[in-house]
Each structure stands twice: as structure tokens, then as C-alpha cells.
Enquirer: 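For reference, the structure I am asking about is given below.
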Amino acid sequence: MSSPRRPHLLVTLSSHGFGHLSQAAPVINQLRELIPNLRLTIRATFPADQIQKRILNPNVLQPVADDFGMVMRDALTVDLSASLLAYQKFHASMPERIEHLSEELLEQKIDLVLADVPYLTLAAAKKVGIPSVALCSLNWADVLEHALLLATSNALENTASSRAISPELARVGAEIVREIRGIYQQADCFLLPTPSMPILTLTNTRAIGPVCTPGIMRREALAFNTQVTGDVWFVLVGMGGMPFDLELDEWSTHMLGKPIHYIVAGKIAQISKHPHVISETQTGLSYSDLVSSVDLILTKPGYGMFVEAAAAGVPVLYVERRDWPEAKALTDWLEVVAHCTEISTEVLHRGDFVDEMRKLLELGRYDPVAATGNMQGATFLAQYICSTGEACRG
């Protein structure tokens with residue numbers, strides 16, 4: 001008798017920063033433990049080494065983007081006009097894109113599509129009757145709608161994200177929101193990891209616990225690899241996968257009687273003569289282990305960084321992100337479970353956050369948050385894959 005065909009999961013990831021990769025990866029890795037013979041295809045435009053650092057042994061990497069999220073001016077600022085023009089162009093070719101991708105899914109014998117959270121792939125799966133599940137703390141319909149509401153109100157009239165757009169472009173944007181939302185609604189389920197922005201416009205949602213890859217404290221390795229000796233503070237500075245400019249020259253070099261060393265991660269452009277600045281690449285640690293090994297994290301509101309910090313019990317100093325609708329849910333949750341403080345973008349650029357940093361360093365670590373959503377999400381997906389009748393055994 002021939003052996004049963006291995007069940008085939010296609011994971012498609014938004015390449016809007018690294019957050020979607022870090023969010024989906026722990027659920028996927030847990031699923032591979034539950035179904036060892038699972039065939040795994042990853043569809044995303046992240047560098048292959050970044051994917052392989054997060055996701056264990058994918059079978060196929062497809063360097064294709066099925067969405068773009070939002071066009072950003074930098075890590076904190078949405079470019080709404082550019083986003084709307086990009087969406088208008090993208091949706092003009094949606095029927096052809098869906099037709100082509102649905103044929104690909106059939107050719108690849110995909111059993112289940114997991115999206116975090118490109119809707120094009122969900123639409124293609126629906127067209128040919130392939131089950132699909134979304135997993136994300138946000139969705140692009142609500143994100144785009146929020147940006148449109150800001151642009152048509154006076155709430156943030158002086159910010160770059162609310163520059164005026166034409167009535168015609170606003171009308172086009174509203175229609176695109178409805179189209180995207182309709183596709184998300186057609187998914188078999190939309191898994192919402194804790195914390196998620198409220199998604200009240202969909203009826204197919206299912207809440208799960210926090211998802212992340214908890215790191216391991218590797219303080220000695222961090223000190224050895226960076227050649228930093230003695231009793232010091234390590235502060236991780238990261239703004240996700242989006243470009244961001246920072247000048248660190250005036251940042252404190254000592255606090256509470258100890259030197260401060262800043263580990264700069266991601267795409268932060270820095271022109272600095274600060275004596276205590278270290279590149280993330282010098283640490284030799286995985287990002288999750290690095291998060292667990294520092295004394296403080298300076299970042300923007302983002303799912304991956306917030307939940308990994310909470311899972312490590314590391315204090316967080318975060319910059320405001322007023323025009324991003326997911327931010328309030330993230331910060332409200334972090335304020336309950338962690339030691340954290342918010343600062344403004346102006347304070348960040350001035351480097352004038354000594355008091356906030358001192359308070360968080362004095363408070364120190366707290367009880368870590370358990371990543372219960374990893375198993376919850378994986379168990380749900382495993383039951384879903386097994387229900388298709390394919391082999392779910394090692």
C-alpha cells in the first residue's frame with residue numbers, strides 16, 4: 001500500500017515589517033510538533049535567512065508578496081495617499097490575481113491556507129474551495145478604514161497621516177475597505193491572538209492567548225559577544241522592520257551608577273558618536289534570546305516586540321503611535337501585564353527620557369506572561385487539517 005499523502009499547509013505573510021513573521025511563526029512551529037509529517041510552504045518576501053530563523057524547516061519558500069499592508073513614510077507614519085493609490089492599482093488587477101493564484105494552490109495540492117494576513121490568498125483559496133484561516137492581531141480593512149477616518153476628521157489635522165485626500169480617493173478607499181472586509185469574512189476562521197485590536201465587523205473571529213517565541217536569558221553570551229564587561233545596563237532599541245532615523249549622541253551613558261549600552265536593531269539609521277552603541281548583529285543571539293537578555297526595551301507599539309518582552313518579563317519604554325489603530329489594544333494590554341511607560345516622538349528624538357528610563361530600570365523585571373496562544377492556535381489548525389481526511393500522524 002502506498003503511504004498517505006502528507007498534508008500541505010501554505011502560510012502567506014504580510015511583509016509589512018517583521019511582526020507578521022514573528023506572530024505566525026510560533027503557532028506554525030507548534031503545529032509542526034503536532035503534525036510532524038506536515039508539508040510547509042511559506043509565501044512571503046522576507047529574506048530567506050530571516051524566515052528560517054523564525055520558522056523551523058520550511059519545505060518551500062516562495063518569495064512572493066500577496067499584499068503590501070500600508071505604505072509608510074517611516075516606522076511610525078502612514079502615507080495614506082500613497083497607500084490608497086497602491087490599493088487602487090492592486091485591486092484593479094484583483095480578478096486576474098485571484099484566478100492565477102487559485103490555479104497555483106490547486107497545482108501545489110494545498111490542503112489549508114493560513115494567512116497573516118494577506119487577503120488575496122484567502123480569496124484565491126475560497127474560489128477553489130480550499131479551507132482558509134486568518135491569524136493576526138489586525139486586519140487591513142480596519143487599518144485602512146481607520147486611516148480614512150483620520151483623514152476626514154479634524155482629530156489629527158496637523159499630522160502627516162491625516163493630510164487631505166480628494167473626495168474621489170476617499171470614496172475609492174471606502175469601497176476597497178468593503179471589498180477587503182468581505183474577503184476576510186469568507187475565511188473559515190479569523191484567529192485573534194491576545195492582544196488584538198477590536199474587530200467587531202467580522203463574525204468569524206476566535207480569540208486565542210498571546211503568541212510568541214519566548215527567548216532564553218543568555219546574558220553571559222551577550223556580554224562576551226559584544227565585549228562588554230562589568231555590571232552594565234543593556235537597552236535594546238528596535239522599531240520593527242521599517243526604516244527609522246534616530247540620533248543617539250545625547251542619550252545617557254550612565255544611570256543608577258552603571259554604564260548603559262544601547263543595542264540598535266532593525267532598520268534604524270543612526271549617525272552617532274555615542275560611545276556605547278552596539279549593532280544587533282554583534283550580539284550573536286537570536287532576536288527572542290536578545291529580548292530576554294536585556295534590561296530594557298525601547299520600541300514602538302508592535303505585537304511581536306510587546307508580547308516577546310512580556311513573555312520575558314522585560315520592561316518596555318515605548319513611543320506613542322497615535323495613527324495606528326492596533327496601538328491602543330497593545331498598549332492597554334501591556335500596561336496591565338508589564339512594567340512600561342509611553343513617551344512622545346518628540347521626547348524620543350530629543351533623547352529626553354532619562355526619568356522614564358530610570359524608573360523602569362529601578363522597577364526591573366516582572367512575572368512573565370505565558371504564550372498560551374501557541375498551542376491554542378496550533379491545536380485548532382491541526383484539527384482543521386485532520387478533518388480534511390489527510391494523514392495527521394508522524
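All values below were derived from every heavy atom in this structure, side-chain atoms included, with hydrogens, water molecules and symmetry-related copies excluded.
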Enquirer: May I ask you to decide if Asp332's main-chain N or O and Glu335's side chain share a donor-acceptor pair within less than 3.5 Å?
Expert: no
Enquirer: So Ser196 and Leu138, do their side chains get closer than 4.5 Å, heavy atoms only?
Expert: no
Enquirer: Below 4.0 angstrom, N of the basic side chain to O of the carboxylate: do Asp111 and Arg39 qualify?
Expert: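 No.
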Enquirer: Counting only N and O atoms by type, is there a donor-acceptor contact under 3.5 Å from the side chain of Asp289 to the main-chain atoms of Ile216?
Expert: yes
Enquirer: Check whether any side-chain heavy atom of Leu61 sits under 4.5 Å from a side-chain heavy atom of Ile51, and report yes or no.
Expert: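 Side chain of Leu61 against side chain of Ile51, heavy atoms only: contact under 4.5 Å found.
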Enquirer: Using the rule that Ile, Leu, Val, Met, Phe, Trp and Tyr join whenever any side-chain heavy atoms are under 4.5 Å apart, tell me whether Leu256 and Leu298 fall into a single cluster.
Expert: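 Yes; tracing contacts between hydrophobic side chains, which count when under 4.5 Å, links both residues.
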Enquirer: Applying a strict under-4.5 Å side-chain criterion to I, L, V, M, F, W and Y, I'd like to know whether Tyr366 and Leu330 cluster together.
Expert: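 As far as the 4.5 Å side-chain criterion goes, Leu330 and Tyr366 are not connected within one cluster.
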Enquirer: Nearest 0.5 Å, what's the CG-CD1 distance between Leu112 and Ile385?
Expert: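 Going from the CG atom of Leu112 to the CD1 atom of Ile385 covers 5.0 Å.
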Enquirer: Please confirm whether the backbone N or O of Ile98 pairs with a side-chain atom of Ser102, one donor and one acceptor, at under 3.5 Å?
Expert: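 It does hold such a pair.
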Enquirer: Only counting residues at least two apart or in another chain, list the ones meeting side chain to side chain contact (heavy atoms under 4.5 Å, CB included) with Glu320.
Expert: Arg322, Glu342, Ser344, Thr345, Glu346
Enquirer: Is the shortest heavy-atom distance from the side chain of Thr12 to the side chain of Tyr119 under 4.5 Å?
Expert: no
Enquirer: If you apply the rule side chain to side chain donor-acceptor pair (under 3.5 Å), what do you find for Ser14 with Asp67, and how did you get there?
Expert: CA-CA 6 Å; Ser14 294; Asp67 72 354; 2.5 Å; yes
Enquirer: To the nearest 0.5 Å, what is the distance between CG on Leu348 and CD1 on Ile343?
Expert: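 Atom-to-atom, Leu348:CG and Ile343:CD1 are 5.0 Å apart.
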Enquirer: Name all pairs fulfilling the salt bridge (charged side-chain N to carboxylate O under 4.0 Å, His left out) condition that reach into residues 136-151, sequence neighbours left out, sorted by first residue then second.
Expert: Asp142-Arg181, Glu145-Arg181
Enquirer: When you look at Asp295 and Lys258, which way does the salt bridge (charged side-chain N to carboxylate O under 4.0 Å, His left out) test go after all the steps?
Expert: CA-CA 12 Å; Asp295 301 292; Lys258 295 160 55 171; 5.8 Å; no
Enquirer: Partners of Val71 by side chain to side chain contact (heavy atoms under 4.5 Å, CB included), sequence neighbours excluded?
Expert: Phe68, Asp79, Ala82, Ser83, Ala86
Enquirer: Indicate if Leu222 and Met217 have the same hydrophobic cluster label, given that clusters are the connected sets of ILVMFWY residues with side-chain heavy-atom separations under 4.5 angstrom.
Expert: no
Enquirer: Taking Leu360 as the starting point, is it possible to reach Val347 by hopping between hydrophobic residues whose side chains are less than 4.5 Å apart?
Expert: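 Yes: a chain of side-chain contacts under 4.5 Å links Val347 to Leu360.
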Enquirer: For Trp324, check ring pair (Phe, Tyr, Trp, His ring centres under 6.0 Å) against everything at least two apart and list the hits.
Expert: His16
Enquirer: Please report the closest heavy-atom contact between Ser252 and Val354, naming both atoms and the distance.
Expert: OG-CG2, 3.2 Å
Enquirer: Using side chain to side chain contact (heavy atoms under 4.5 Å, CB included) as the criterion, list what pairs up with Asp188, not counting sequence neighbours.
Expert: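 By the side chain to side chain contact (heavy atoms under 4.5 Å, CB included) rule, Asp188 matches Pro131, Ser132, Tyr384.
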Enquirer: Test of understanding: with ring pair (Phe, Tyr, Trp, His ring centres under 6.0 Å), list the residues that count as partners of His261, not counting sequence neighbours.
Expert: His276
Enquirer: Donor-acceptor check, side chain of Arg6 to backbone of Asn37, threshold 3.5 angstrom: yes or no?
Expert: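 The answer is yes, because a donor-acceptor pair under 3.5 Å joins these two groups.
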Enquirer: Is there side-chain contact between Val117 and Phe190, with at least one heavy-atom pair below 4.5 Å?
Expert: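 Yes, close enough: below the 4.5 Å cut-off.
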Enquirer: Does NZ belonging to Lys359 count more than 12 external heavy atoms closer than 6.0 Å?
Expert: no
Enquirer: List the residues meeting side chain to side chain donor-acceptor pair (under 3.5 Å) with Tyr184, not counting sequence neighbours, and say none if there are none.
Expert: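 Tyr184 satisfies side chain to side chain donor-acceptor pair (under 3.5 Å) with no residue once adjacent residues are dropped.
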Enquirer: Examine distances only and state if a side-chain atom of Tyr87 and a backbone atom of Gly69 form a donor-acceptor pair shorter than 3.5 Å.
Expert: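 It does hold such a pair.
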Enquirer: Say whether Val60 and Leu40 are linked into one hydrophobic cluster, either directly or through other cluster members, by side-chain heavy-atom distances under 4.5 angstrom.
Expert: no
Enquirer: Inspect the surroundings of NE2 in His100 and state if more than 12 heavy atoms from other residues, nucleotides or ligands are less than 6.0 Å away.
Expert: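 No - once you tally the heavy atoms of other residues, nucleotides and ligands closer than 6.0 Å, there are 12 at most.
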Enquirer: Which residues pass the ring pair (Phe, Tyr, Trp, His ring centres under 6.0 Å) test with His146, sequence neighbours left out?
Expert: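 So His146 forms no ring pair (Phe, Tyr, Trp, His ring centres under 6.0 Å) with any residue.
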Enquirer: Does some side-chain heavy atom of Pro193 sit less than 4.5 Å from a side-chain heavy atom of Tyr303?
Expert: yes
Enquirer: Would you find more than 12 non-hydrogen atoms of other residues, nucleotides or ligands less than 6.0 Å from Arg206 atom CZ?
Expert: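 No - once you tally the heavy atoms of other residues, nucleotides and ligands closer than 6.0 Å, there are 12 at most.
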Enquirer: Is there a side-chain contact between Val78 and Leu150 (heavy atoms, below 4.5 Å)?
Expert: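 Contact flag for Val78/Leu150 side chains = no.
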Enquirer: Is the shortest side-chain heavy-atom distance between Thr341 and Met357 below 4.5 Å?
Expert: no
Enquirer: Return each pair, listed once, that meets side chain to side chain donor-acceptor pair (under 3.5 Å) where at least one residue sits in residues 41-58; pairs must be two or more places apart or across chains.
Expert: His8-Thr41, Ser15-Thr45, Arg43-Gln62, Arg43-Asp66, Arg43-Glu104, Arg54-Ser288, Arg54-Glu308
Enquirer: Only one of Val177, Ile176, Ile183 clears side-chain contact (heavy atoms from CB on, under 4.5 Å) with Ile180; which?
Expert: Ile176
Enquirer: Please state whether the rings of His274 and Tyr262 are parallel, tilted or perpendicular, taking 30° and 60° as the class boundaries.
Expert: perpendicular
Enquirer: Rounded to the nearest 0.5 Å, how far apart are CG of Asn59 and CD1 of Ile42?
Expert: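 It comes to 9.0 Å.
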Enquirer: Listed by chain and number, what are the side chain to side chain contact (heavy atoms under 4.5 Å, CB included) partners of Ser93, not counting sequence neighbours?
Expert: Glu96, Arg97
Enquirer: Not counting sequence neighbours, which residues clear ring pair (Phe, Tyr, Trp, His ring centres under 6.0 Å) with Phe224? List them please.
Expert: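 Phe224: no ring pair (Phe, Tyr, Trp, His ring centres under 6.0 Å) contacts found.
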Enquirer: Kindly say whether Met255 contributes a backbone atom to a donor-acceptor pair with the side chain of Trp233 at under 3.5 angstrom?
Expert: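 Yes, Trp233 side chain to Met255 backbone: donor-acceptor pair under 3.5 Å.
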Enquirer: Distance from Thr299 atom OG1 to Ile297 atom CD1, nearest 0.5 Å?
Expert: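 Atom-to-atom, Thr299:OG1 and Ile297:CD1 are 7.5 Å apart.
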Enquirer: Do Glu247 and His349 get their side chains close enough for a donor-acceptor pair, meaning under 3.5 Å?
Expert: no
Enquirer: Between the main-chain N or O of Cys212 and the side-chain N or O of Asn374, is there a donor-acceptor pair closer than 3.5 Å?
Expert: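 A pair under 3.5 Å: yes.
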Enquirer: Any side-chain heavy atom of Leu34 sitting closer than 4.5 Å to one from Met375?
Expert: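 They are in contact (side-chain heavy atoms under 4.5 Å apart), so the answer is yes.
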Enquirer: Atom CD1 of Ile28 and atom CG of Leu38: how far apart are they, to the nearest 0.5 Å?
Expert: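 Going from CD1 on Ile28 over to CG on Leu38, the span is 9.5 Å.
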Enquirer: Do the side chains of Arg171 and Glu168 get close enough for a salt bridge, i.e. N-O under 4.0 angstrom?
Expert: yes
Enquirer: Find the distance between CG (Leu148) and CG (Leu84) and round it off to the nearest 0.5 Å.
Expert: 5.5 Å
Enquirer: Apply the test ring-ring contact (aromatic ring centres under 6.0 Å, His included) to residues Trp251 and Phe353: give CA-CA distance (whole Å), side-chain angles for both, the deciding distance (0.1 Å), then the verdict.
Expert: CA-CA 9 Å; Trp251 289 19; Phe353 44 81; 5.0 Å; yes
Enquirer: Spell out, as yes or no, whether a donor-acceptor pair under 3.5 Å connects the side chain of Arg365 to the backbone of Val314.
Expert: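 No, the answer is negative, given that no donor and acceptor are paired below the 3.5 Å cut-off.
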Enquirer: Who are the side chain to side chain donor-acceptor pair (under 3.5 Å) partners of Glu175, not counting sequence neighbours?
Expert: Arg178
